[in-house]
Visitor: 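Please read through the structure below; I'll follow up with questions.
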There are 2 protein chains.
Amino acid sequence: MNETLSFSSILRAADTLRGVAHVTPVVTSGQLDRLAGAHVFMKCENLQRTGAFKFRGAYYALSRVKSGGTARTVVTLSSGNHGQGVALAARLFDLTAHVVMPAPRSAVKCEAVVGYGGIVWPTDDRQSAERKVADLQAEERAASIHAFNNLDVMAGQGTVMLELLDQVESVDVLLAPVGGGGLLSGLCVAGHQLRPALKIFACEPEGAADAGESIKLGRIAPMPNPRTIADGLRTSLGSRTLPILREHLAGMFLVSEQEIVGAMRFAFERIKIVIEPSAAVALAPILRAEPRLAGRRIGVVLTGGNVDLTGLWSSLTTT
Amino acid sequence: MNETLSFSSILRAADTLRGVAHVTPVVTSGQLDRLAGAHVFMKCENLQRTGAFKFRGAYYALSRVKSGGTARTVVTLSSGNHGQGVALAARLFDLTAHVVMPAPRSAVKCEAVVGYGGIVWPTDDRQSAERKVADLQAEERAASIHAFNNLDVMAGQGTVMLELLDQVESVDVLLAPVGGGGLLSGLCVAGHQLRPALKIFACEPEGAADAGESIKLGRIAPMPNPRTIADGLRTSLGSRTLPILREHLAGMFLVSEQEIVGAMRFAFERIKIVIEPSAAVALAPILRAEPRLAGRRIGVVLTGGNVDLTGLWSSLTTT
């Protein structure tokens, strides 16, 4: 595969997203800065449409399907935020979206996809989901929109970096969680072009540490049974994301499950924002005051806020 | 009492707060706009330092104590966000803060005051709290900082309006919750000066509807046993806030307890921000698509995010 992500495609994605995606706010916290011994700038993609940065890539990819004019239907495999992004983007472009959602999937996320007008196809496992995607591609002549191993999706995610560098005067370190690497690929290519000295770190749960392993080995090394609350990060890297991450990343941070819940809690109770476990993975190294981050101006992408809070309401209404 | 709140004092407060208080973001939501049939701009004071707008008024009031040079100690009566605001402001000005906290008070809020360096004085009820404040004024020669019936505090809260009008191109309606009326007084005076056509509505729980009653009667009419989850709104208006609200308010919205919890839930699950019940009171009329709000450009002050989420973590960690 020769194609790779270009900076110019990220600029095109930014043009397409203007006035459609939110320019999400950057939030700061004196308490966090004191704990971290650093200056932290939180790019709040949990406040993005659909509650996650995934809307960016999905919308840009679907804009290309729409302008191509060959397909009126798209299909994707996602039990998470990408499915919601594709469903909303399809509605905005007047396309039909099929979202194949393998187990485990939360009722809340299925409802969200349906709420955006997407057609949900639940499957028992990932293998049957992949077959279902292939079937829908054939039967419906649907364009398949991979959640991360797709250059248009990666370009859309890269617009996060354009905004952040526009919003914050100087950042010398950036942290983001890594699952399939679509977001980080976009961040790396945009960061390399606009601020070559910026050090970009990927953050990964100890229980799904396949990205770090894959980067070290130089080949995709899936983890057979990823065990983490960070449901968005259980996937492996893709053929298009691995080489970009290998070339550009300054390093990795591994975080424990306890640190993930602690970082979520800090965000809720101190920052007053709702983040999902996958987003908390990038906040956790800051909270433990990593020596590599001391004194730095740190950007961190809080990737999403889609977490099931049903338990909270029962606890609140009974007090 | 002849003194009233002036616009020039709000401008002075803004000067004092520059670089100290956060310029909080304004957040929008397509989902909310569709539900409301309006354009809604949420001014996120839950993301303010100490998690509530109260820091503004407290900091400006303490800046005046500090520059006056007569007192090195302040005292206030507050079981809520004002106490936290005073405690943090006192630390920043190197003053001593006594915070008298009558029951009911949450452990979380006491800890927060202590965390900011304040001295907590728990009392059984409001009467003994008032006696304790008087004692501390006498014994410690402490300056008393009333939570809302204080012109400097009101001026500080008014800076919310300066920012909002700077951040959003045109707003024709503004909603905010009413407790003692300090915030709304500041909003009214600033709004009247800068955008006389702006209609400002106060939002109040049905279970603590004393502000509407007081405005109608033209005298402070306390409700003997306010019953609402919105703990910040159980107080009555003050002698300085009532006349301003009578003169400037366009009207009131009353909301039920169920609507308050529903609005909190909407904020958490859809907007991805943590708001406390008192803040939800101003969001609730928007969610029920009030006819008076249809098609408007609505600013709403989300006043704070200090809510005890202990129940949430137990529910999350056991799944």
Side-chain angles (χ1 to χ4, degrees), chain A residues 20-31 42 44-52 55 88 91-92 106 108 111-112 115-116 167 229 257-258 260-262 264-265 267-277 279 302 304-319, chain B residues 20-31 42 44-52 55 88 91-92 106 108 111-112 115-116 167 229 257-258 260-262 264-265 267-277 279 302 304-319:
Chain A
V20 181
H22 290 322
V23 176
T24 52
V26 173
V27 166
T28 59
S29 156
Q31 283 187 67
M42 290 170 277
C44 290
E45 285 294 301
N46 56 331
L47 305 181
Q48 187 50 268
R49 293 180 80 166
T50 71
F55 174 70
L88 174 57
R91 192 178 75 189
L92 297 173
S106 77
V108 169
E111 283 161 27
Y116 292 123
Q167 290 169 303
I229 190 182
E257 293 300 292
Q258 200 184 341
I260 296 170
V261 174
M264 272 183 80
R265 188 165 185 167
F268 277 60
E269 295 187 345
R270 306 303 177 89
I271 319 287
K272 314 297 178 190
I273 54 174
V274 173
I275 62 173
E276 60 188 68
L302 299 182
N306 293 324
V307 57
D308 191 344
L309 299 172
T310 314
L312 173 64
W313 306 111
S314 46
S315 78
L316 271 181
T317 46
T318 54
T319 50
Chain B
V20 181
H22 290 322
V23 176
T24 52
V26 172
V27 166
T28 60
S29 157
Q31 283 188 67
M42 291 170 278
C44 289
E45 285 294 302
N46 56 331
L47 305 180
Q48 186 52 266
R49 293 180 79 166
T50 71
F55 174 71
L88 174 57
R91 192 179 73 190
L92 297 173
S106 76
V108 169
E111 282 162 27
Y116 293 123
Q167 289 169 303
I229 191 182
E257 294 300 292
Q258 202 184 338
I260 297 170
V261 174
M264 271 182 77
R265 187 164 183 166
F268 277 61
E269 294 187 346
R270 307 301 176 90
I271 319 284
K272 314 298 177 190
I273 53 174
V274 173
I275 63 174
E276 61 188 66
L302 299 181
N306 292 323
V307 57
D308 190 344
L309 298 172
T310 314
L312 173 64
W313 306 113
S314 45
S315 78
L316 271 181
T317 44
T318 54
T319 48

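Below, chains carry the letters A, B, ... as their sequence lines are ordered, and counting in each starts from 1.
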Visitor: As an exercise: rank A:G51, A:G305, A:G30, A:P277 by heavy-atom pairs under 4.5 Å with chain B and give me the winner.
Guide: A:G305
Visitor: At their closest point, which heavy atom of A:I271 faces which heavy atom of B:L47, and how far apart are they?
Guide: O-CD2, 3.0 Å
Visitor: Could you go through A:N306 and B:K272, starting from their C-alpha distance and side-chain angles, then the distance that decides it, and tell me whether this counts as side chain to side chain contact (heavy atoms under 4.5 Å, CB included)?
Guide: CA-CA 8 Å; A:N306 293 324; B:K272 314 298 177 190; 2.7 Å; yes
Visitor: Sort A:T28 into side chain, backbone, both or neither according to what part of it lies under 4.5 angstrom from a heavy atom of chain B.
Guide: both
Visitor: So, taking the atom named CG in B:L309 and the one named CE in A:M264, what distance separates them when rounded to the nearest 0.5 Å?
Guide: 10.5 Å
Visitor: Let me confirm one number: the CD-CG distance from A:Q31 to B:L88, rounded to the nearest 0.5 Å.
Guide: 8.5 Å
Visitor: Does the side chain of A:V274 come within less than 4.5 Å of B:V274's, by heavy atoms?
Guide: yes
Visitor: Against chain A, label B:E276 side chain, backbone, both or neither, depending on which of its atoms sit under 4.5 Å from a heavy atom there.
Guide: neither
